[in-house]
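Taking it in order: structure first as structure tokens, then the write-up.
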Amino acid sequence: MKTTRRGLTAALVLSLPLALGACGSSDSGSSSGTPSAAASAAGGSSSGGSSSAGSSSTMGGMGSGSSSSGMSGMSHSGMSHDMGGAAAPFGSGCAAVPRSGKGSFSGMAQDPVATAASNNPALSTLVTAVKKAGLVDTLNNAKDITVLAPTNDAFAKVPKATMDKAMGDPKGLLTTVLTGHVIPGKLSPEQLAGTHKTLSGSMVKITGSGQSFTADGTAKVVCGNVPTANATVYIIDSVLLPKG
């Protein structure tokens with residue numbers, strides 16, 4: 001019996017460390033495996049979150065940059081205003097165009113030409129004349145036209161007697177003068193130079209190139225290539241009066 005008990009005791013003494021070692025190894029593997037998996041998952045999540053945040057941040061930055069750049073392009077810069085890749089408005093007179101709102105370049109691009117002009121304070125005299133002649137719907141409903149738009153200062157240079165005569169004959173002389181500033185088709189700066197027939201039936205000769213143009217030898221383009229929904233506008237510093 002003593003021999004048997006000693007044998008059992010020895011067996012237990014030998015087997016206990018082995019069992020504890022196995023247990024410790026299993027616990028250690030399980031313990032290290034779990035944090036490792038958690039860390040991996042957390043790392044993946046963190047990485048995903050970082051990627052998402054980075055993407056969001058980048059898109060936000062791009063959006064902000066694009067908006068800013070777009071507005072700059074529409075407001076007195078030489079950058080594209082995103083109108084089919086066309087060049088931005090040009091000329092020293094563009095500084096008088098509002099930088100925001102319905103009368104800005106981006107605002108005018110959304111409306112037909114008579115409505116767009118009515119939102120631009122530099123063209124208020126022209127708009128008054130257009131309304132007087134009953135041409136608002138004619139211009140707004142026209143498809144693809146080019147308008148040589150005299151500024152308020154341009155109208156101020158017209159002799160008072162001539163201006164009074166025109167305003168006193170809205171369906172005759174005034175209509176003739178105003179439609180003599182409208183050319184069928186949207187003309188880009190590259191197409192502007194040349195002799196063009198106007199809606200009044202008169203001919204207007206435009207000379208120049210690049211960003212420097214003159215109509216009939218007297219009216220300089222001070223702000224060119226302004227887009228509206230149905231027209232391209234070239235703002236000029238003199239009124240084109242009928243010849244003769």
Side-chain angles (χ1 to χ4, degrees), residues 67 70-77 80-91 93-156 158 163 166-167 169-189 191-192 196 198-200 204 213 215 219 221-240:
S67 172
M71 181 57 73
S72 175
M74 292 298 296
S75 297
H76 326 298
S77 89
S80 170
H81 52 62
D82 197 26
M83 293 291 163
F90 60 81
C94 292
V97 177
R99 289 182 174 273
S100 62
K102 298 288 284 182
S104 66
F105 292 132
S106 56
M108 290 178 70
Q110 307 306 311
D111 293 319
V113 64
T115 301
S118 71
N119 292 316
N120 189 327
L123 301 176
S124 60
T125 305
L126 172 63
V127 171
T128 298
V130 166
K131 289 179 178 177
K132 183 81 171 176
L135 292 173
V136 171
D137 289 341
T138 300
L139 293 176
N140 276 349
N141 294 327
K143 182 180 180 182
D144 295 344
I145 55 177
T146 295
V147 177
L148 304 175
T151 63
N152 297 341
D153 289 341
F155 277 101
V158 176
M163 194 69 184
M167 294 299 280
D169 185 15
K171 297 299 182 183
L173 180 56
L174 183 59
T175 293
T176 299
V177 170
L178 294 175
T179 54
H181 290 74
V182 182
I183 303 168
K186 284 185 177 181
L187 299 179
S188 69
Q191 300 168 320
L192 190 60
H196 308 280
T198 69
L199 292 189
S200 74
V204 58
F213 296 94
V221 172
V222 294
C223 184
N225 203 38
V226 178
T228 74
N230 69 325
T232 300
V233 176
Y234 291 87
I235 300 175
I236 55 178
D237 67 357
S238 296
V239 177
L240 304 178

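Because the structure is a prediction, the values reported are computed rather than measured.
- Of all heavy-atom pairs between Leu174 and Ala166, the closest is CB-O, 3.1 Å.
- The two residues Gly134 and Lys171 make their nearest non-hydrogen contact at CA-NZ, 3.9 Å.
- Thr138 contributes atom OG1, which lies 5.0 Å from atom CG of Leu135 (distance to the nearest 0.5 angstrom).
- A distance of 8.5 Å separates CE in Met167 from CZ in Phe155, rounded to the nearest 0.5 Å.
- Between Ala154 and Pro150, the closest heavy-atom pair is CB-CB, 3.8 Å.
- Residues meeting the side-chain hydrogen bond (donor to acceptor under 3.5 Å, both in side chains) test with Thr115, sequence neighbours left out: Asn140.
- Rounding to the nearest 0.5 angstrom, the gap separating the CG atom in Asp111 from the NZ atom in Lys102 is 3.5 Å.
- Note: Phe90 and Phe213 have tilted aromatic rings, judged against thresholds of 30 and 60 degrees for the angle between ring planes.
- Asn225 CG to Tyr234 OH: the interatomic distance, rounded to the nearest 0.5 Å, is 4.5 Å.
- A distance of 6.5 Å separates CD1 in Ile235 from SG in Cys94, rounded to the nearest 0.5 Å.
- Exactly one of Leu148, Thr228, Ile145 qualifies for a side chain to side chain contact (heavy atoms under 4.5 Å, CB included) with Val233. That residue is Thr228.
- Listed here is the closest heavy atom pair of Leu199 and Pro184: CD2-CG, 3.8 Å.
- Closest approach of Pro98 and Asn120 over heavy atoms only: CD-OD1, 4.3 Å.
- Within 6.0 Å of the NZ atom in Lys132, the count of heavy atoms belonging to other residues, nucleotides or ligands does not exceed 12.
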Verdict with supporting geometry, Leu178 and Leu126, side chain to side chain contact (heavy atoms under 4.5 Å, CB included): CA-CA 9 Å; Leu178 294 175; Leu126 172 63; 3.8 Å; yes
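- To the nearest 0.5 Å, the span separating CD on Gln191 from NZ on Lys186 amounts to 11.5 Å.
- With sequence neighbours left out, the side-chain hydrogen bond (donor to acceptor under 3.5 Å, both in side chains) criterion links Thr128 to no other residue.
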Stepwise side chain to side chain contact (heavy atoms under 4.5 Å, CB included) check, Thr232 with Val226: CA-CA 6 Å; Thr232 300; Val226 178; over 6 Å; no
Asp144/Asn230 under side chain to side chain contact (heavy atoms under 4.5 Å, CB included): CA gap, chis, key distance, verdict: CA-CA 5 Å; Asp144 295 344; Asn230 69 325; 5.6 Å; no
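- One N or O on the side chain of Asn152 and one on the backbone of Ser124 form a donor-acceptor pair closer than 3.5 Å.
- With contacts defined as side-chain heavy-atom distances shorter than 4.5 Å, the pair Ser106/Ser100 does not qualify.
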Stepwise side chain to side chain contact (heavy atoms under 4.5 Å, CB included) test for Val182 and Thr198: CA-CA 5 Å; Val182 182; Thr198 69; 5.8 Å; no
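- For the pair Leu139 and Val130, the tightest heavy-atom approach, listed with the atom from each and the gap, is CD1-CG1, 3.9 Å.
- Side-chain N or O atoms of Asn141 include none that pairs as donor or acceptor with a backbone N or O of Pro112 at under 3.5 Å.
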